[in-house]
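Below: the structure, in structure tokens.
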Amino acid sequence: MTLSTVVRQHWAALRALLVFTVVLGLGYPLLVWLIAQTPLLSEKANGSILHVAGTPVGSSLIGQLYTDAEGNPLPRYFQGRPSAAGDGYDPLSTSASNLGPESIVDRPDSPSLLTLVCSRSLAVGRLDGVDGARPFCTGGGVGAVLSVIGPRDATGVVAHPTRVVSVNEPCATTTTPFVDTYAGVRVECAAPGQDYSAGQIVAVRGAAPDEPAVPADAVTASGSGLDPDISPAYAQLQVERVAAARGKDPEQVRALVAEHTEGRTLGFLGEPRVNVLELNLALDRL
């Protein structure tokens, strides 16, 4: 290969680099930016920032916490969904808990999804003055799960247990498990550090209603951890508490919730929702 051929090839490669740099590195981003600044798209493209007296207070696209310095919910504000993003709604740590429906046994370093749901439901119930009981939850707010130990039959079921342990209730926190006996065997609390996975893991439904008073979105985090919306049912659950904390007529607060309730996107996508930040700002303007 001659020197002139090498030079021509490198010159062609350089020209291609320059052309693609201009087209893809400058032209395409500029085109996307110009399209994003059109009237229909500019608000979301610029972050949907909401202002109060000229000061930005948040984005309607990202949830935030409404708590005091100690992390306690502020009664005068509607509360959003739980968040697994950092310390809560951290855009730089957007994530989920990665716990699935089979996560029902607590570990020493982390509670199960079932216990998280149970404890959150109990806390919401206490905050808003409703029954926080849920199926498969103990009265103390942990998963109602037993390890049934004994010989198994051909189907893998322990027909005649010799020992039963309440795995999510350690003896350090209780001496009376959520149920006294199971299949005629006295139920024990879990000894710290012991592994009971050899037993048959059984979740006990309990006497909680089929439809709990606390909605599902009040006790489960979104996949991103940044969901800014709650269900109308969760918003309605909080009306009495917010109205009492602000000294307002509950019907006035309920009307604000209805005003800020959005229907399904395009009439059929998703579920009706209430933007928590927009609703709380409307409350502050009353």
Side-chain angles (χ1 to χ4, degrees), residues 65 67 70-73 79-90 93 95-127 130-150 152 156-158 161-183 185-210 212-225:
L65 298 173
T67 55
E70 297 179 354
N72 300 310
Q79 300 296 314
R81 297 183 65 175
S83 172
D87 292 331
Y89 297 105
D90 182 358
S93 302
S95 65
S97 66
N98 294 325
L99 299 177
E102 294 185 356
S103 175
I104 62 175
V105 177
D106 296 347
R107 296 182 178 181
D109 57 341
S110 62
S112 63
L113 176 61
L114 178 58
T115 288
L116 285 175
V117 167
C118 295
S119 60
R120 289 166 179 168
S121 187
L122 198 62
V124 171
R126 289 171 177 167
L127 179 65
V130 298
D131 184 6
R134 303 185 84 82
F136 305 104
C137 295
T138 72
V142 300
V145 181
L146 303 174
S147 176
V148 182
I149 302 170
R152 303 194 183 209
V157 175
V158 177
T162 58
R163 187 183 180 196
V164 180
V165 181
S166 176
V167 293
N168 292 337
E169 291 183 308
C171 295
T173 61
T174 184
T175 56
T176 55
F178 70 94
V179 62
D180 295 329
T181 61
Y182 178 84
V185 178
R186 184 180 64 84
V187 177
E188 310 169 23
C189 57
Q194 293 295 312
D195 181 9
Y196 299 101
S197 59
Q200 180 185 349
I201 302 301
V202 177
V204 179
R205 190 195 179 286
D210 292 334
V214 179
D217 62 304
V219 297
T220 55
S222 65
S224 67

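Nearest approach of Gly199 to Ser147, heavy atoms of both residues: CA-OG, 3.4 Å. The heavy-atom pair separating Val148 from Tyr182 by the smallest distance is CG2-CE2, 3.6 Å. Contact record, Pro209 with Pro135: O-CG, 3.6 Å, taken as the closest heavy-atom pair. Nearest heavy-atom pair, Val145 versus Val105, reported as atom, atom and distance to 0.1 Å: CG1-CG2, 4.2 Å. Of all heavy-atom pairs between Val142 and Asn168, the closest is CG2-O, 3.9 Å. Taking every heavy atom of both residues into account, Ser224 and Ala85 meet most closely at O-CB, 4.0 Å.
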Steps toward side-chain contact (heavy atoms from CB on, under 4.5 Å) verdict (Val187, Leu146): CA-CA 8 Å; Val187 177; Leu146 303 174; 3.9 Å; yes

Val158/Ile149 under side-chain contact (heavy atoms from CB on, under 4.5 Å): CA gap, chis, key distance, verdict: CA-CA 7 Å; Val158 177; Ile149 302 170; over 6 Å; no

Residues Leu122, Cys118; criterion side-chain contact (heavy atoms from CB on, under 4.5 Å); working and verdict: CA-CA 6 Å; Leu122 198 62; Cys118 295; over 6 Å; no

Stepwise side-chain contact (heavy atoms from CB on, under 4.5 Å) check, Val204 with Phe178: CA-CA 10 Å; Val204 179; Phe178 70 94; 3.9 Å; yes

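Residues forming a side-chain hydrogen bond (donor to acceptor under 3.5 Å, both in side chains) with Asp87 (at least two apart in sequence, or on another chain): none. Applying the side-chain hydrogen bond (donor to acceptor under 3.5 Å, both in side chains) criterion to Arg126, with sequence neighbours excluded, gives no partner residue. Ser121 meets the side-chain hydrogen bond (donor to acceptor under 3.5 Å, both in side chains) test with Arg134; sequence neighbours excluded. Ser93 is linked by a side-chain contact (heavy atoms from CB on, under 4.5 Å) to Asp90, counting only residues two or more places apart in sequence or in another chain. Take Glu70 and apply the side-chain contact (heavy atoms from CB on, under 4.5 Å) test, not counting sequence neighbours, and it matches Asp68, Asn72. The salt bridge (Lys or Arg N to Asp or Glu O under 4.0 Å) test applied to Arg186 returns no partner, not counting sequence neighbours. Residues satisfying the side-chain contact (heavy atoms from CB on, under 4.5 Å) criterion with Ala191, sequence neighbours excluded, are Gln194, Tyr196. Residues passing the side-chain hydrogen bond (donor to acceptor under 3.5 Å, both in side chains) test with Arg205 are Asp210, sequence neighbours excluded. In this view, Ala123 satisfies the side-chain contact (heavy atoms from CB on, under 4.5 Å) rule with no residue, not counting sequence neighbours.
Side-chain contact between Leu127 and Pro73 is present, with heavy atoms from C-beta onward closer than 4.5 Å. In this structure, the side chains of Arg152 and Val157 stay at 4.5 Å or more apart for every pair of heavy atoms.
Listed by first then second residue, pairs satisfying side chain to side chain donor-acceptor pair (under 3.5 Å) with a partner in residues 169-179 read Ser166-Glu169, not counting sequence neighbours. Contacts classified as salt bridge (charged side-chain N to carboxylate O under 4.0 Å, His left out) and involving residues 96-106 (residues at least two apart or in different chains) are not found.
Here the straight-line distance linking atom CG of Leu114 with atom CZ of Phe136 works out to 8.5 Å at 0.5 Å rounding.
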Just distance, no hydrogens or angles: give the donor-acceptor pairs under 3.5 Å from side chains in residues 212-221, sequence neighbours left out.
unit_1, atom_1, unit_2, atom_2, d
Asp217, OD1, Ser231, OG, 2.8
Asp217, OD2, Ser231, N, 2.9
Asp217, OD2, Ser231, OG, 3.3
Thr220, OG1, Arg81, NH2, 3.4
Thr220, OG1, Ala216, O, 2.8

